[in-house]
Amino acid sequence: MKVKKAVILAAGYGTRVLPATKSIPKEMLTIVDKPAIHYIVDEVSRAGIKDILIVISRGKTAVEDYFDRSPDLERQLINSGKNELYHQLEGISKLAKIQFVRQQEMKGTGDAVMSAKGFVGDEPFVVLYGDDVIIGDDPATAQVCRAYEEYGKGAVAMKQVPSEMVMRYSSLKVKPKKDNVYDVDDMIEKPAADQIFSHFSILGRCVLPPNIFDILENLPTGANGEYQLTDAMKQLAVSEGMLGVDFTGVRYDMGNKLGILKAVVEVGLKHREIGKEFKEYLKEIAKEL
């Protein structure tokens with residue numbers, strides 16, 4: 001079955017990048033001239049999915065406003081002859097059909113996904129984490145969707161990461177299947193050093209069958225006393241198997257100060273307006289290091 005719906009989790013506090021996120025949602029932190037959430041929605045759209053639900057929390061109306069039209073600003077741009085900027089702004093609201101729902105309490109990623117049950121219905125869907133920006137020619141969303149559509153199993157985007165990151169993220173028990181696709185028959189959220197299956201961790205994308213909601217409804221609390229989506233996927237992996245896709249593309253952790261800086265530098269170097277000048281600036285700065 002083709003994946004036609006996407007759920008973006010954007011309700012978290014962003015505590016790792018305080019104090020900025022005291023007043024600005026972490027999903028609205030910019031990479032050059034677009035907020036992180038724009039890159040994620042654009043990735044979903046380029047993967048051919050136009051029906052999106054963004055799960056937000058109290059205080060994140062800026063995310064809703066960003067994807068809405070701004071008639072007064074658009075009119076001013078037209079009157080000023082700034083037609084290219086006008087078309088850029090107009091295009092934001094046309095990226096996809098976007099709905100929003102609030103996660104009432106911060107009870108974890110599993111609880112956030114449960115809030116999407118009415119939107120998803122009886123269809124497979126892709127989940128994206130709002131602080132994971134992945135940039136590449138082949139959208140990471142499209143890569144996990146293709147795996148699901150070929151084999152009919154839930155699929156996660158994954159990469160090998162150092163042990164200290166595995167213990168902060170997750171660890172997958174994998175077996176090579178075909179090319180960059182692996183079978184996954186077990187996983188663990190935030191493992192201790194002696195619980196690590198492999199250095200493959202889930203990084204921000206997963207396609208799930210609708211029966212994940214049956215698991216989530218009976219899920220006990222996990223790490224940090226929250227309902228963790230990884231714990232629900234573990235049950236799915238053990239009972240019917242899942243897939244892991246060693247995706248292509250560069251992932252930036254926008255909930256991490258260093259990740260934000262890396263994204264700004266690397267995207268900035270390729271930016272069509274300021275890339276060349278920025279490169280010369282970095283060369284001069286590097287001489288002083």
Heavy-atom donor-acceptor pair, [X] side chain to [Y] backbone, under 3.5 Å:
X	Y	result
Gln195	Ile188	no
Arg205	Asp132	yes
Thr109	Leu229	yes

Could you check whether [X] pairs with [Y] (Lys NZ or Arg NE/NH1/NH2 to Asp/Glu carboxylate O, under 4.0 Å)?
X	Y	value
Asp186	Lys234	yes
Glu84	Arg272	yes
Glu149	Arg146	no
Arg69	Glu74	yes
Lys34	Asp42	no
Lys60	Glu64	no

- Angle class for the Tyr182/Phe200 ring planes (parallel below 30°, perpendicular above 60°, tilted otherwise)? tilted

- Have Thr141 and Glu43 got a donor and an acceptor in their side chains that come within less than 3.5 Å? yes

[X], [atom1]: over 12 other non-hydrogen atoms inside 6.0 angstrom:
X	atom1	value
Lys107	NZ	no
Arg168	CZ	yes
Glu266	CD	yes
Lys50	NZ	yes
Gln88	CD	yes
Asp137	CG	no

Quick check: closest heavy atoms across [X] and [Y], and the distance to 0.1 Å?
X	Y	value
Val44	Ala6	CG1-CB, 3.7 Å
Gln103	Ala11	OE1-CB, 3.3 Å
Leu203	Lys159	CD1-CB, 3.5 Å
Gly59	Pro25	O-CG, 4.2 Å
Met254	Thr30	CE-O, 4.5 Å
Tyr39	Asp33	OH-OD1, 4.5 Å

- Please round to the nearest 0.5 Å and tell me the distance separating atom NZ of Lys153 and atom CG of Asp183. 5.5 Å

- Atom CG in Asp214, atom CG in Leu216: separation rounded to 0.5 Å? 9.0 Å

List the atom pairs, with distances to 0.1 Å, where a side-chain N or O of residues 115-131 and a protein N or O form a donor-acceptor pair under 3.5 Å, not counting sequence neighbours.
from, atom 1, to, atom 2, distance (Å)
Ser115, OG, Ala112, O, 2.5
Lys117, NZ, Glu217, OE2, 2.6
Asp131, OD2, Lys26, NZ, 2.9

- Message: Taking Leu236 as the starting point, is it possible to reach Val245 by hopping between hydrophobic residues whose side chains are less than 4.5 Å apart?
- Response: no

